[in-house]
There are 2 protein chains.
Amino acid sequence: MKKPEFGLLGYALLGLLHDNPSSGYALRKVVALTPMSSFSDSPGAIYPALRRLRKAGLIRGRLEKSSGLRRRQVFHLTPAGIRELKQWLALPPSRDEVMRRMDELSLRFAFMDQVMGKNASVQFLRAMERELEAYVPSLHEYLAAAKSQMPLSARLALESGVRGYETQLRWTREALAAYEKHK
Amino acid sequence: MKKPEFGLLGYALLGLLHDNPSSGYALRKVVALTPMSSFSDSPGAIYPALRRLRKAGLIRGRLEKSSGLRRRQVFHLTPAGIRELKQWLALPPSRDEVMRRMDELSLRFAFMDQVMGKNASVQFLRAMERELEAYVPSLHEYLAAAKSQMPLSARLALESGVRGYETQLRWTREALAAYEKHK
DNA sequence: CCGTGCATGTAATTCGTTACATGATTCC
DNA sequence: GGAATCATGTAACGAATTACATGCACGG
């Protein structure tokens, strides 16, 4: 009996619903109109994802007839949904995530303060700092070893990736400083 | 009659095969051991992708019995494969790609010098610079308008994204400078 | 009465993932 | 003889994409 998994989109929706119970249509607009646009706002993505969450008992919908329009359903988290969201947010950033799924880490962190509190945010940032501090030097090593045999554009593309991780590390440290000052 | 599409992985494989005809196993190792690890190196990803490319006539395999091991197949691009690769590489970076698919742009650029020549690389970078110059200010606007209502971690997560695009823009300019000097 | 915006959904297809299966060779 | 490495593949499943379908209400 394996634990069911909900995609990144599923968790994104849980996070959005935690603070603002919303209809599917409203969620689509949030995804489309904010810098969450790495997700698809197509109905074929959002509505099936909501149905999966509902079937798993993580969200419940209230039908609203009031506003003269077509019936719409406002979803909110159930206690099980809150538990699932917190469990996901509590995962510390792993090496693998830092290397290949920074987008998921950003998403987790974005919800962190509201759902888990500032202490959890600081823990999260510290773990991310550790992983990045280990990963960035290994990228530099690879680059130093490989650069001489690469065409210019390939080398530059690789350097662009390394820059990204360095920027992320700098950001992590500044974010930690922001929490320090905030206390 | 719609033009068939090959996934990002398909084009990655075409790009790798352009300079180094390789077996599926060798391609898996390249994906696993270099910073191309955003792709999956699982056989369930690589082999079906190769079969699709072969069926479309973009690659051909030569069976090698020589080395005592199990029979292995070394793939190389056909003329149609080279055409398809070039057509993909010739696409100028669009606004949408800059916003949500920077990974694909990096991949295109990595193969650019070898397959299309340095002039194409410069054209590509100039277009990317234009798109980023238009996009970054709009992100700043959004951030300025929204930041006051956001919890700290959400604001910081958003700022991390903006930093990423700024870094990318700086990199683009430096890359252009590198090509200037190279001439 | 027609287009636009609000609002929800399904169908076909494609692709990736995990897990499994197979087979040959070399090293210990 | 058994583990590790080379090498290729399939099957079941899950999830996203595009495209289509539906229905209500309001403004011009």
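What's counted below: heavy atoms across the whole structure, side chains too, no hydrogens, waters or symmetry copies.
- One can place OH of A:Y47 at 17 Å from P of D:dT18, the figure rounded to the nearest angstrom.
- Following rounding to the nearest Å, B:R54 (CZ) and D:dG9 (P) show an atom-to-atom distance of 8 Å.
- Between C:dG9, C:dT17, C:dA7, one nucleotide has an atom nearer to the side chain of B:A45 than all others, and that is C:dT17.
- In the set D:dG9, D:dA7, D:dA19, D:dG9 carries the atom at the smallest distance from any side-chain atom of B:R71.
- Between the CZ atom of A:F6 and the C1' atom of D:dA16 there is a distance of 18 Å, given to the nearest Å.
- The shortest non-hydrogen separation linking B:I59 to B:L14 is CG2-CD2, 3.8 Å.
- Taking atom CZ of residue B:R62 and atom P of nucleotide D:dA7, one finds them 17 Å apart after rounding to whole Å.
- At least one side-chain nitrogen or oxygen of A:R52 sits closer than 4.0 Å to the OP1 or OP2 atom of D:dA16.
- Only one option out of B:E104, B:R108, B:E84 pairs with B:Y11 in a side chain to side chain donor-acceptor pair (under 3.5 Å); it is B:E84.
- Look at A:S40 and you'll find a side-chain N or O under 4.0 angstrom from OP1 or OP2 of D:dT17.
- Here the C1' atom of nucleotide C:dG9 and the NZ atom of A:K55 are 13 Å apart, to the nearest Å.
- Note on B:Y25: a side-chain N or O is less than 4.0 Å away from OP1 or OP2 of D:dC6.
- Taking atom CG of residue B:L13 and atom P of nucleotide C:dG16, one finds them 9 Å apart after rounding to whole Å.
- Rounded to whole Å, atom P of D:dA16 lies 9 Å from atom CD1 of A:I46.
- For the pair B:K29 NZ and D:dT5 P, the interatomic distance rounds to 10 Å; values are reported in whole Å.
- Residue contacts for B:R28: at a heavy-atom cut-off of 4.0 Å it reaches a base atom on one of the strands shown.
- Side-chain contact between A:L132 and A:M102: present, with at least one pair of heavy atoms (C-beta onward) separated by less than 4.5 Å.
- B:G24 comes within contact range of the sugar-phosphate backbone alone, with a heavy-atom separation under 4.0 Å but no base atom that close.
- Across C:dG16, D:dA19, D:dA16, the shortest atom-to-atom separation from the side chain of B:L9 is found for C:dG16.
- Base engagement by A:S42 is indicated by at least one non-hydrogen atom pair under 4.0 Å involving a base atom.
- Below 30°, between 30° and 60°, or above 60°: for B:F109 and B:F124 the angle between ring planes is below 30°, a parallel geometry.
- Among the heavy atoms of the strands lying under 4.0 Å from B:R51 are primed sugar atoms or P, OP1, OP2 only; no base atom is included.
- Enclosure of atom CZ in B:R95 by more than 12 non-hydrogen atoms of other residues, nucleotides or ligands within 6.0 angstrom is indicated.
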